Amino acid sequence: MNKLRWGILAVVLVVCAALFFGFVLHNEEYTGQEFMFDTLCSITAYGDEAQNAVEAALERAREIHSITNGFSGDSEVSGINSAKAGEKVKISRDIAKILQTARKVETASNGAFDVSIASVVRLWNFDGEGRVPSEKEIAEALSRSGGEKFIMDFDEGLVIKKEDGILIDLGGVAKGYAADEAVKVLKEHGVQGAIVDFGGNILCFGKNPNSDDGLWRVGVQKPFAPLGEVDEENIIEVSEAAVVTSGTYQRYFEKNGEKYHHIIDTATGYPANREYSSVTVVAENGLVADCLSTACFVLGKEKGTELAKSFGAEIFFK
Ligand code: ADP
Ligand code: MG
């Protein structure tokens, strides 16, 4: 080989190496996981800044967990819950955004979704051993729920209760919002593609480097199957979307051969027993999808489908 050929070969090798390392760096993958919102929250991101981005996104989710966690005495939600009627409770931008969307879905679903169902949810003790409350207890707790019992001023960032003893529970919505905020942080860090999975609330965006067409394939958890076992016949292909599932298998207890799950029919105060076990909503953002998945579960197939459509979302019942 003469010098020219060696030269050309060297240039080709350098170009190939640059392309290869560029590709590898470009596709740097990092997964971070943390137990929050009473579930495993996991983020996988691709790009040069993947690790920093994932850590910052988890930090942001942690922040949202700490303000929405009703079990922690010093959270914002606990501040609202312990306030007396007429007291002006100052709320953060985050809580205001969550409550504003929750209120929209509450109105659109005729109260099937209602964060003030908290008094009823507590009676059932789904987070502990579980117990079946008496009809009297349920009736009393139902009398302490209903969005009309609050004045919410989102511009001023204020919540005022009209009666004492009204509680809120953001369990049906906080994870969706946290996942949205995690995505925002990932994008700010220049991540080129990522999948955020907060216990069945799945958000993805950008390019999936592990698929030829760059799309993400999201499997829906098989009800009552081991965690991670998905329904192969129902794989949802998306480029950027929130795929959120509410199911009876996520949190329930059994008493005298009956299963009692954690999605409450606001009309009765009892678990919403329907002919399906899960509802999956595909929407533009996690906050809306999370409210809708719970709302549509309660509403049933016909009205639930109508509600999802009115928000431009797709819906699947399983
Ligand atoms: P998960 O939290 O398992 O993803 P959901 O998003 O459907 O499931 O939320 C269920 C949680 O929402 C319950 O644990 C409870 O805290 C709360 N909740 C239950 N029923 C309702 C309802 N009808 N409206 C609003 N929140 C509800
Ligand atoms: Mg929900």
Side-chain angles (χ1 to χ4, degrees), residues 36-41 64-65 68-71 77 81 98-99 101-128 130 138 141-142 145-147 150 166-180 196-203 220-221 223-224 227 242-253 260-274 276-283 285-300 303-304 307-308 311 313 315 317-318:
M36 286 181 276
F37 302 101
D38 214 10
T39 190
L40 184 67
C41 295
I64 294 155
H65 179 246
T68 56
N69 183 4
F71 295 108
V77 163
N81 286 344
I98 295 173
L99 290 178
T101 300
R103 175 71 23 122
K104 259 190 213 153
V105 176
E106 179 198 324
T107 309
S109 68
N110 273 323
F113 182 80
D114 181 359
V115 295
S116 77
I117 196 65
S119 302
V120 179
V121 172
R122 281 195 183 184
L123 281 181
W124 289 90
N125 191 23
F126 294 109
D127 299 294
I138 289 181
L142 273 178
S145 72
F150 285 96
I166 317 294
L167 309 175
I168 63 164
D169 167 5
L170 301 184
V173 56
K175 267 185 296 184
Y177 179 68
D180 282 340
V196 172
D197 182 351
F198 287 2
N201 292 237
I202 298 171
L203 270 66
V220 175
Q221 171 71 33
F224 301 105
L227 191 67
V243 182
V244 172
T245 301
S246 283
T248 57
Y249 54 88
Q250 285 160 328
R251 192 162 304 161
Y252 66 92
F253 65 87
Y260 297 94
H261 66 80
H262 70 145
I263 304 171
I264 299 295
D265 185 344
T266 49
T268 64
Y270 284 81
N273 284 326
R274 304 288 182 260
Y276 42 81
S277 308
S278 78
V279 172
T280 299
V281 170
V282 185
N285 79 68
L287 176 57
V288 168
D290 203 1
C291 294
L292 285 179
S293 68
T294 311
C296 296
F297 192 102
V298 176
L299 279 178
K303 286 188 180 162
L307 177 70
F311 278 82
I315 187 162
F317 294 85
K318 273 275 154 191

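In this chain, residues are counted from 1 in sequence order. Both counts, for ligands and for their atoms, begin at 1 and track the order of listing. Small disclaimer: the values here were computed from a predicted structure and weren't measured.
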Enumerate the atoms of ligand 1 whose separation from the nearest heavy atom of T266 is less than 4.0 angstrom. 23 (N)
Atoms in ligand 1 with a heavy atom of D290 nearer than 4.0 Å: 6 (O)
Identify the protein heavy atom lying closest to [atom], giving its residue, its atom name and the separation to 0.1 Å.
atom: atom 24 (N) of ligand 1; answer: D114 N, 3.0 Å
atom: atom 27 (C) of ligand 1; answer: I117 CG2, 3.8 Å
atom: atom 15 (C) of ligand 1; answer: D169 OD2, 3.3 Å
atom: atom 20 (N) of ligand 1; answer: I264 N, 3.0 Å

Could you check whether any heavy atom of A112 sits closer than 4.0 Å to an atom of ligand 1, since that is the contact criterion I want to use? yes
Selection residues 105-124 - residue pairs positive for salt bridge (Lys or Arg N to Asp or Glu O under 4.0 Å), sequence neighbours left out: R103-E106
W124 versus I138: any side-chain heavy-atom pair under 4.5 Å? yes
Counting C-beta onward and ignoring hydrogens, is there a side-chain heavy-atom pair between I98 and L170 closer than 4.5 Å? yes
Quick one: list whatever passes side-chain hydrogen bond (donor to acceptor under 3.5 Å, both in side chains) with D38, sequence neighbours left out. R251
May I ask you to check whether Y276 and F297 place their ring centres under 6.0 Å from each other? yes
Distance flag, aromatic centroids of Y177 and F37, threshold under 6.0 Å: no
For T245 and S278, which heavy atoms make the closest approach, and how far apart are they? CG2-CB, 3.9 Å
Identity of the nearest option to [atom], non-hydrogen atoms only, from [options]:
atom: atom 26 (N) of ligand 1; options: F126, F113, Y249, F37; answer: F113
atom: atom 9 (O) of ligand 1; options: S246, G172, S278, G70; answer: G172
atom: atom 4 (O) of ligand 1; options: Q250, K175, H262; answer: K175

Verify the distance test for T294 against the Mg ion (ligand 2): any N/O/S atom under 2.8 Å, yes or no. yes
Look only at the side chain of N201 and the backbone of K175, and say whether a donor-acceptor pair between them is shorter than 3.5 Å. no
Using distance alone, with no hydrogens and no angle criterion, decide if S145 and S116 have a side-chain donor and acceptor under 3.5 Å apart. no
Which segment of A295 sits under 4.0 Å of ligand 1 when only heavy atoms are counted: neither
G172 O and D290 OD1 subtending at the Mg ion (ligand 2) (10° steps): 80°
